[in-house]
Participant: 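First the structure, then my questions, so here it is.
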Amino acid sequence: MNVRYSNEPIDTASCDLLVVGVGPSAFGDGAASGPIAQLDAKFGGRLLPELRQRRFKGGEGSALVIPTMDRIAARELLVVGIGDGSWSALRVAAGKAGREARSLHAQSVTVSLPGLDSATANRVVEAMVAGNYQWQAYKPEEERSPLASDWTLLGVDAPGNASEAQVRAKWQAWARDLVNAPAADIYPESLAARARELAALPGVTVEVWDAARCKAEGMVGITAVGQGSTRPPVMIHVSYRAKDAKDHVALVGKGVTFDSGGLSIKPSDAMITMRCDMGGSATMLATTGIVAELGLAVDLDTFVGAAENMVSGDSYKLGDILRYNNGVTVEIHNTDAEGRLVLADCLIEASKIPTVTTILDAATLTGACVVALGDDFTGLFTDDDALANELLDAAKTDGEGLWRMPLYAPYKEMLKSDHAQIKNVGSRAAGATTAALFLQHFVKDKRWAHLDIAGPAFMDKGNSRYAAGGTGEMVRSLATFLARRAG
Ligand code: BES
Ligand code: MN
Ligand code: ZN
């Protein structure tokens, strides 16, 4: 994939698809101006009347494909409505353009949207690449539509650093490929092999603890959850050391490569998508990839607890009690509440690093969060208002949905156990909050935020934002958050 900026004239830009953004003002009383007026001239003044005729008014989310008949150099022309021109309307237009580009089999896409500054232009390209993405590895040849490889933005004032958008978009797609791959291909050890790809980046080292090492180190959660599978669990630790780092952040990702529920087995309908349960690890590894590839001035330690939650004679059982490294004992009441158990080991490990100021975790943790927020919002849990605002602001910048949820201490009551310090589930009530409160027991002396990505990490069906499957949602927002931390 290649992203670039250009100032070539719109009519001579040679590409498979030319995307032109138009707002309602082009259809008002005054004469249209800008790119759409230039194109209208090339079409002998027949483009704008044609759009009007077809009831195109430039509204958010609207789009029309217009045959170019060789009047311009582009093979196809897509006119997209940009509504009020706000960032959220542009993001919708960009996603739409990305999807259309795929269905039109466009390899090279040139885009002209009015009034873009360089920062917004980068984010528009990223949204287009995200809209263009589709997982096709196992599709028959004749049903595949190639993803676009060349993206050009026209007429941006003071073009910015296109490579930044390219890097961010590339890693988001990397995360999506990883989530989409079937659990037969991505299991703890193969996930670790993918994580090792990061070691090619400057400043990055990757260390993998095998099952024996996890056990020896007292990583009881990873060990218990993973013991029912013939695919042994691992702990992945990626570290990135920057030049002149301004901050040190630890990232923790849930890497349950398949969640059958274990002995508290899921019904088939709930299990069908559970290869997505390593989504948190894909998010955190991809974010690490961006930070390292862009050489941002923030040190990172990224931990992934990777395990397959399976049913066998070796499975961990209800009533088992785990004694964690930090002294907390946990009684297992439901083997399907496994994510928090593997995250706990990683949070303990991250808390041990003296220079780490902030720990963020991402996990497809609870169905309760999906019930509360649906597919378009990640649940944010933290006691730290400043950290919450930084994360919310980053998500807003990147057009991703993030919503703060209560980390309400009195509900810790629901986790009380008769035989251990806590149990691994509460009641049905406030399930996303009690999961977050569970995690809090394993964080020590750091700013901490938990991101429950159970809704947005994976789309059961394609929608206006993403094709069906893994989304890589929050990768870009987290990268933005970390870029700001890097000063
Ligand atoms: N991986 C699931 C959560 C999930 C649900 C992710 C839907 C993506 C989509 C998690 O391990 C789980 O099973 N959670 C249980 C917790 C319960 C047993 C307290 C749940 O949400 O039902
Ligand atoms: Mn589960
Ligand atoms: Zn799970």
Side-chain angles (χ1 to χ4, degrees), residues 179-180 183 186-188 191 221-222 224-226 228-229 233 252-283 304-311 315-318 320 330-346 361-379 381 405 411 414-415 417 422-439 450-461 466 468-474:
V179 171
N180 283 322
I186 294 295
Y187 44 90
L191 179 63
I222 292 173
V225 172
S229 173
V252 168
K254 172 176 174 180
V256 173
T257 56
F258 189 71
D259 182 12
S260 73
L263 292 176
S264 312
I265 195 165
K266 288 181 185 293
S268 199
D269 285 351
M271 205 190 292
I272 174 74
T273 59
M274 280 303 136
R275 71 177 189 281
C276 81
D277 219 17
M278 34 59 70
S281 69
T283 298
V304 171
E308 209 177 49
N309 189 20
M310 298 294 280
V311 184
S315 296
Y316 79 126
K317 303 175 187 76
L318 291 86
D320 283 356
V330 177
E331 184 182 5
I332 305 304
H333 277 230
N334 189 322
T335 61
D336 199 10
E338 84 299 337
R340 60 197 77 184
L341 300 175
V342 309
L343 290 168
D345 286 322
C346 297
D361 77 74
T364 46
L365 203 62
T366 65
C369 202
V370 188
V371 171
L373 298 176
D375 279 349
D376 290 358
F377 289 90
T378 291
F381 300 80
M405 301 277 280
Y411 288 173
M414 294 195 239
L415 293 171
S417 157
I422 51 176
K423 46 184 187 168
N424 74 330
V425 288
S427 62
R428 254 167 58 88
T433 287
T434 53
L437 288 168
F438 178 95
L439 297 178
H450 158 59
L451 302 170
D452 193 333
I453 58 170
F458 193 93
M459 297 297 140
D460 294 356
K461 288 199 208 94
Y466 294 112
T471 63
E473 177 97 338
M474 287 312 288

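Counting convention: from 1, in listed order, for ligands and their atoms alike. The figures here come from the full heavy-atom set of this structure, side chains too, leaving out hydrogens, waters and symmetry mates. These numbers were taken from a predicted model, which means no experiment stands behind them.
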Participant: Has the side chain of D345 got a donor or acceptor atom that lies under 3.5 Å from a matching backbone atom of I222?
Facilitator: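 Present.
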Participant: Looking only at N, O or S atoms, find the one in D259 nearest to the Mn ion (ligand 2) and name it.
Facilitator: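 For D259, the N/O/S atom sitting closest to the Mn ion (ligand 2) is OD2.
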Participant: What are the atoms of ligand 1, with element, lying closer than 4.0 Å to any heavy atom of E338?
Facilitator: 11 (O)
Participant: Quick one: does any side-chain atom of S260 pair with a main-chain N or O of N309 as donor and acceptor, under 3.5 Å?
Facilitator: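 Checked: pair present.
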Participant: Measuring to the Mn ion (ligand 2), does D277 have an N/O/S atom at a distance below 2.8 Å?
Facilitator: no
Participant: Could you tell me whether M271 approaches ligand 1 through its side chain, its backbone, both or neither, with non-hydrogen atoms closer than 4.0 Å?
Facilitator: neither
Participant: Which atoms from ligand 1 have a heavy atom of K266 less than 4.0 Å away?
Facilitator: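 Answer for ligand 1: 2 (C), 12 (C), 13 (O).
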Participant: Would you say S229's side chain and G226's backbone share a donor-acceptor pair under 3.5 angstrom?
Facilitator: no
Participant: In the structure I gave you, are the side-chain heavy atoms of L318 and T335 within less than 4.5 Å of one another anywhere?
Facilitator: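 A side-chain contact under 4.5 Å exists here.
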Participant: Can you report which non-hydrogen protein atom sits closest to atom 15 (C) of ligand 1, along with the distance?
Facilitator: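 Checked against all protein heavy atoms, atom 15 (C) of ligand 1 sits closest to D336 O, 4.0 Å.
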Participant: Could you find the nearest protein heavy atom to atom 9 (C) of ligand 1 and give me its residue, atom name and distance?
Facilitator: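 Nearest neighbour among protein heavy atoms for atom 9 (C) of ligand 1, to 0.1 Å: M274 CE, 3.6 Å.
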Participant: Can a side-chain donor-acceptor contact be found between T366 and D452 if the only test is distance below 3.5 angstrom?
Facilitator: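 Yes - a donor-acceptor pair under 3.5 Å links their side chains.
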Participant: So which protein heavy atom does atom 10 (C) of ligand 1 come closest to, and at what separation?
Facilitator: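 Result: L365 O, 3.2 Å.
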Participant: Looking at N334, which atoms of ligand 1 are within less than 4.0 Å of one of its heavy atoms?
Facilitator: 18 (C)
Participant: Show which atoms of ligand 1 fall inside a sub-4.0 Å distance from at least one heavy-atom site of K254.
Facilitator: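 Reading through ligand 1 atom by atom, the close ones are 1 (N), 10 (C), 11 (O).
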Participant: Hey, which atoms in ligand 1 end up nearer than 4.0 Å to a heavy atom of A454?
Facilitator: 6 (C), 8 (C), 9 (C)
Participant: With a 4.0 Å heavy-atom cut-off (strictly under), which part of D277 contacts ligand 1: side chain, backbone, both or neither?
Facilitator: side chain
Participant: Identify which of V371, D259, V256 has a heavy atom lying nearest to atom 2 (C) of ligand 1.
Facilitator: D259
Participant: With a 4.5 Å limit on heavy-atom distance, are the side chains of Y316 and E338 in contact?
Facilitator: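 Touching, per the 4.5 Å side-chain cut-off.
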Participant: Sub-3.5 Å donor-acceptor pair from the side chain of D277 to the main-chain atoms of T257, do we have one?
Facilitator: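 A pair under 3.5 Å: no.
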Participant: How far is atom 16 (C) of ligand 1 from its nearest protein heavy atom, and which residue and atom name does that atom have?
Facilitator: R340 NH2, 3.9 Å
Participant: Write down the atom of V179, the atom of M278, and the distance for their closest heavy-atom approach.
Facilitator: CA-SD, 3.8 Å
Participant: Quick one, K423 and V330 - any side-chain contact, counting heavy atoms below 4.5 Å?
Facilitator: no
Participant: Using modelled atom types and a 3.5 Å cut-off, is there a donor and acceptor pairing between side-chain atoms of N424 and backbone atoms of A337?
Facilitator: yes
Participant: Taking all heavy atoms of T283 and all of E473, pick out the closest pair and write down the distance.
Facilitator: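 So the two residues come closest at OG1-O, 3.9 Å.
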Participant: Would you mind reporting whether K317 and I332 have side-chain heavy atoms less than 4.5 Å apart?
Facilitator: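 No, side chains not in contact.
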Participant: How many protein N, O or S atoms are found at a distance of less than 2.8 Å from the Zn ion (ligand 3)?
Facilitator: 4
Participant: On a heavy-atom basis, I'd like to know which of T366, D452, D460, V425 is closest to atom 17 (C) of ligand 1.
Facilitator: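 Nearest option to atom 17 (C) of ligand 1, by heavy atoms: V425.
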Participant: For T364, counting its heavy atoms only, list the atoms of ligand 1 lying under 4.0 Å from any of them.
Facilitator: 1 (N), 2 (C), 3 (C), 6 (C)
Participant: Please state which protein non-hydrogen atom is closest to atom 21 (O) of ligand 1 and give its distance, to 0.1 Å?
Facilitator: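 Closest protein heavy atom to atom 21 (O) of ligand 1: G367 N, 2.6 Å.
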Participant: Taking P456's backbone N and O only, do any of them form a donor-acceptor pair with T471's side chain (distance below 3.5 Å, no angle check)?
Facilitator: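 A pair under 3.5 Å: yes.
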Participant: Quick one: does M271's side chain get under 4.5 Å of I265's, heavy atoms only?
Facilitator: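 Yes - at least one pair of side-chain heavy atoms lies under 4.5 Å apart.
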Participant: Please work out the angle at the Mn ion (ligand 2) defined by atom O of D336 on one side and atom OE1 of E338 on the other, rounded to 10°.
Facilitator: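 The two atoms subtend 70° at the Mn ion (ligand 2).
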Participant: Within the side chain of S264, is there an N or O that forms a donor-acceptor pair under 3.5 Å with the backbone of G261?
Facilitator: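 A pair under 3.5 Å: no.
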